[in-house]
Every structure is written in structure tokens, then in C-alpha cells.
Chemist: 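Pasting a structure here, questions to come.
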Amino acid sequence: MENISSHFVLDGFSELGALRPVLFIPFAVLFLVSLSANSLLLYVIISQRSLHTPMCILIAGMACADLSHPVFIVPHMLLNFLFDWKGISRIGCLAQMQFIHFFAAFQSTFLLWMALDRYFAICTPLFYHQHMTLSGFLKFVIPLVVRNTVMVTLLVSLAGTLSFCKNVMNHCFCEHMAMVELACGSTTINNQLGLLAIFFIPVFDFVVIALSYVVIFCSMLRSGTSSVRALHTCITHIVVITVSLTVALTAFLSYRIRNRLSAASRVFFSTMYLLFPSCFNPIIYGIRTSEIRQHIMKTLTRCHS
């Protein structure tokens, strides 16, 4: 008899029954929007030397992270919806989980780095270039990269040691809590580590981001030199942060506190936590960052002609 732990069945949105294949259309649209928007943003930033500034490089890094989410989850989802290809091996599931959660962790981390860039630019402008040199900024990059890598690897490795009594996962991709719920024995350590990861990655990042912007706005009010450009940039980041935080908290808490959300609703919020920012972020940065917007318009005009 085949070991039930050797493979999983991804059965998200099963409540929709015969309507489930219709989901192919909206998720295919989201996939194409994310792929094209992030690719265009990356191309413009890489090809234009004038955009090789610390902030634009961070935006390009976020675009890489945003691009990875649909690439790792959507193709299998589309095959699942259209052809009912639901199976995935245990190793494949753990690998997908590692990549998804690793790049998802960097959504808040890139926002933190952007907040630091704005803090140095507005609060310590005379030392901005000193802080934002490669060697100067690496001291903020390396610890957070190590933190994300260690926490996600621990999370996935611990999930991989579990024994499973069921193999039908009510999800469209291998999400940590959806997989842990299928385990036979105690999952207390997995749940506690999951909460710890939430505290040390997105919660910590958003607290630092909030404190950074409080200091930034206090500095603007004290100096009386709140330039329109500085405020415009900060508001752009705050819009992205607010959307990311709202979607992330909804997705996390739907699995960890008692609520009346249906299984399909939990799967929807968990999926949107990854896919919505990957579509929203490149559009908001492309529209609200004037230098990037100008080069995007020139690129599109050149392609059209």
C-alpha cells in the first residue's frame, strides 16, 4: 500500500464543484498581469542607468520577489483548475513551501529596507550616501536575509518530519498551516514556530517601518521642510505597506484564530496574500514614482511605434 505521506492532493476551492474550472480565468489574468508588470518594471530599472539609485534597486528587488510568487504557484494551480491535476509529491510540496515562504518573507523585508532608505534620505541627508553605499547598507541586509532563511528553513524542515494521516490539502498550493493540519500527532511545536516566524518577520518588520515613518514625519514637522517629493515617496510606501499588512494579517489570522470564514474564503485570502501584492506593487510604484513612470511610458511608446 502506498504511503499516504508520499504525496498530497491539492483540493482548494472544492466547494465550488463544477464551477471550479472557471477559476482558471481570473487566476490566469492575475498571472499575466503580475508577469508583465514586474518584468516591465525590472527591464526599465535595469536598462536605464539613471534609475540605478538605492531606492530603485530596492524596488527592482521587490519586483523579483513579487515575480517569484506567481511563477512558483500559479502554473500548477491553472493545471489543477483546468485539467484536475491535483497531485504533488511530498518533496515537491516541501520545495514549493520553502520557495513560497522564503520569497513571501521578503515582501515586508524589502519594505523595511525602503523605509530605512527614506529615513536616511530625509532625517540624515548629509550622510545618506555614506549609509547607502554597498558596504554601509549590507549591515542592514545580511542580518535580515539570515533571519528569513533560518526561520523559513526551520519551519519547512519541521513540517517535513511530520507523519500524515490524511493527504487531501484544502488549498491550491503547499501552505505551511494547511499541510500541518493534516498531521496525525501533536503539532504544537509547528504552530508555535509558525507564530514565532510571524512575530520575527512581518510583525517585527512592520513595527520598524512604523517607527521609521513616525520619526520621518516628526523630522519633517520640526524642520518645516516637508518637500512635496519626500511626502509623495513616503505616501507611496505607506499605501503599499497598508495593503500588504491588511492582506497578510487576514491570511495569517484566518488559520490561527477561530472564525466563521469558510474553507474557500481562507484559501482565497491565503492565495491573495501572495498574488495581489505581486500585481499591485509594480503598478503602484510604476504610476507613483515619476522617474520610473517616465521611462515606462517611453519604453511602451517605443514598442508601440
Side-chain angles (χ1 to χ4, degrees), residues 4-39 62-107 152 155-156 159-160 164 166-182 194 243-244 246-248 250-255 261-283:
I4 199 170
S5 300
S6 65
H7 74 284
F8 294 97
V9 177
L10 298 173
D11 198 30
F13 298 112
S14 57
E15 298 87 346
L16 296 179
L19 293 176
R20 194 169 179 269
V22 177
L23 291 175
F24 175 89
I25 297 171
F27 281 104
V29 170
L30 284 174
F31 181 61
L32 292 174
V33 169
S34 176
L35 211 61
S36 55
N38 284 293
S39 298
M62 176 169 272
C64 288
D66 287 338
L67 193 59
S68 68
H69 298 146
V71 168
F72 282 121
I73 67 174
V74 176
H76 191 276
M77 284 174 61
L78 297 180
L79 293 173
N80 188 335
F81 294 145
L82 207 57
F83 302 111
D84 217 30
W85 292 3
K86 298 180 179 181
I88 186 170
S89 68
R90 181 190 180 107
I91 297 298
C93 193
L94 290 171
Q96 187 188 55
M97 189 190 301
Q98 175 74 29
F99 283 117
I100 288 171
H101 288 293
F102 178 74
F103 286 108
F106 278 96
Q107 282 187 336
V152 171
L155 206 66
V156 175
F164 298 95
K166 297 178 287 184
N167 69 341
V168 179
M169 194 182 303
N170 197 346
H171 217 297
C172 297
F173 58 88
C174 293
E175 200 271 340
H176 175 254
M177 284 306 298
M179 184 180 188
V180 168
E181 285 180 346
L182 304 179
V243 171
S244 299
T246 303
V247 179
T250 306
F252 289 144
L253 296 178
S254 67
Y255 273 97
L261 287 175
S262 65
S265 298
R266 291 198 301 175
V267 174
F268 174 77
F269 283 119
S270 183
T271 306
M272 285 300 102
Y273 161 60
L274 298 176
L275 293 185
F276 183 74
S278 71
C279 296
F280 177 80
N281 291 347
I283 293 172

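Along the sequence shown, residues are numbered consecutively beginning with 1.
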Chemist: Could you tell me which residues satisfy side-chain contact (heavy atoms from CB on, under 4.5 Å) with Leu32, sequence neighbours excluded, listed by chain and number?
Modeler: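 Not a single residue meets the side-chain contact (heavy atoms from CB on, under 4.5 Å) criterion with Leu32.
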
Chemist: For Ser265, what residues pass the side chain to side chain donor-acceptor pair (under 3.5 Å) criterion, not counting sequence neighbours?
Modeler: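 By the side chain to side chain donor-acceptor pair (under 3.5 Å) rule, Ser265 matches Ser262.
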
Chemist: Would you please say whether a donor-acceptor pair under 3.5 Å links the side chains of Asn80 and Arg20?
Modeler: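 Side-chain D/A pair, Asn80 to Arg20: present.
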
Chemist: Write down the atom of Ser68, the atom of Ala65, and the distance for their closest heavy-atom approach.
Modeler: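 In this case the closest contact between Ser68 and Ala65 is OG-O, 2.6 Å.
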
Chemist: Show every salt bridge (Lys or Arg N to Asp or Glu O under 4.0 Å) that has at least one partner inside residues 6-15, sequence neighbours left out.
Modeler: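 Sorted result for residues 6-15: Asp11-Lys86.
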
Chemist: Could you give me the CA-CA distance, side-chain angles and deciding distance for His76 and Leu10, then say whether side chain to side chain contact (heavy atoms under 4.5 Å, CB included) is met?
Modeler: CA-CA 10 Å; His76 191 276; Leu10 298 173; 3.7 Å; yes

Chemist: Quick one: does Ile100's side chain get under 4.5 Å of His176's, heavy atoms only?
Modeler: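 Answer no - side chains too far apart.
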
Chemist: Residues in side-chain contact (heavy atoms from CB on, under 4.5 Å) with Phe99, at least two apart?
Modeler: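 Phe99: side-chain contact (heavy atoms from CB on, under 4.5 Å) contacts with Phe72, Phe103.
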
Chemist: With sequence neighbours left out, write down each residue that passes side-chain contact (heavy atoms from CB on, under 4.5 Å) with Val156, or none if nothing qualifies.
Modeler: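 Applying side-chain contact (heavy atoms from CB on, under 4.5 Å) to Val156 gives Leu94, Met97, Gln98, Val152.
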
Chemist: For Cys93, give me all partners under disulfide (SG to SG under 2.5 Å), at least two apart in sequence or on another chain.
Modeler: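 Partners of Cys93 by the disulfide (SG to SG under 2.5 Å) criterion, ordered by chain and then number, come out as Cys174.
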
Chemist: Return the CG to SG distance between Leu35 and Cys279, rounded to the nearest 0.5 Å.
Modeler: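 The SG atom of Cys279 is 10.0 Å from CG of Leu35, to the nearest 0.5 Å.
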
Chemist: State the CG-NE2 distance between Asn167 and His7, to the nearest 0.5 angstrom.
Modeler: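 Between atom CG of Asn167 and atom NE2 of His7 there are 4.5 Å.
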
Chemist: Any side-chain heavy atom of Asn170 sitting closer than 4.5 Å to one from Val267?
Modeler: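 Heavy-atom side-chain distance check passes, below 4.5 Å.
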
Chemist: Do Ser270 side-chain atoms and Arg266 backbone N/O form a donor-acceptor pair below 3.5 Å?
Modeler: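 Checked: no pair found.
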
Chemist: What side chain to side chain donor-acceptor pair (under 3.5 Å) pairs are there with at least one residue in residues 24-36, not counting sequence neighbours?
Modeler: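 Residue pairs with at least one partner in residues 24-36: Ser34-Asn38, Ser34-Ser278.
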
Chemist: Using a 4.5 Å cut-off on heavy atoms from C-beta on, say whether the side chain of Gln96 contacts that of Phe173.
Modeler: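 They are in side-chain contact.
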
Chemist: Which residues satisfy the side-chain contact (heavy atoms from CB on, under 4.5 Å) test with Phe280, sequence neighbours excluded?
Modeler: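 side-chain contact (heavy atoms from CB on, under 4.5 Å) list for Phe280, sorted by chain: Val239, Val240, Val243, Phe276, Ile284.
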
Chemist: Can you list the residues that meet the ring pair (Phe, Tyr, Trp, His ring centres under 6.0 Å) rule with Phe102, with sequence neighbours excluded?
Modeler: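 Counting only residues at least two positions away or on another chain, Phe102 forms a ring pair (Phe, Tyr, Trp, His ring centres under 6.0 Å) with Phe106.
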
Chemist: Looking only at heavy atoms, what is the nearest atom pair of Pro277 and Asp66, with distance?
Modeler: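 Scanning both residues completely, I find the closest heavy atoms to be O-OD2, 3.9 Å.
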
Chemist: If you look only at distance, which donor and acceptor atoms sit under 3.5 Å apart when one is on a side chain in residues 23-31 and the other is two or more places apart or in another chain?
Modeler:
none

Chemist: Run the side chain to side chain contact (heavy atoms under 4.5 Å, CB included) check on Thr271 and Glu175 step by step: do they pass?
Modeler: CA-CA 9 Å; Thr271 306; Glu175 200 271 340; over 6 Å; no

Chemist: For Cys172, check disulfide (SG to SG under 2.5 Å) against everything at least two apart and list the hits.
Modeler: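 By the disulfide (SG to SG under 2.5 Å) rule, Cys172 matches no residue at all.
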
Chemist: Output the distance between atom CE (Met169) and atom CE (Met177), rounded to the nearest 0.5 Å.
Modeler: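 Going from the CE atom of Met169 to the CE atom of Met177 covers 12.0 Å.
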
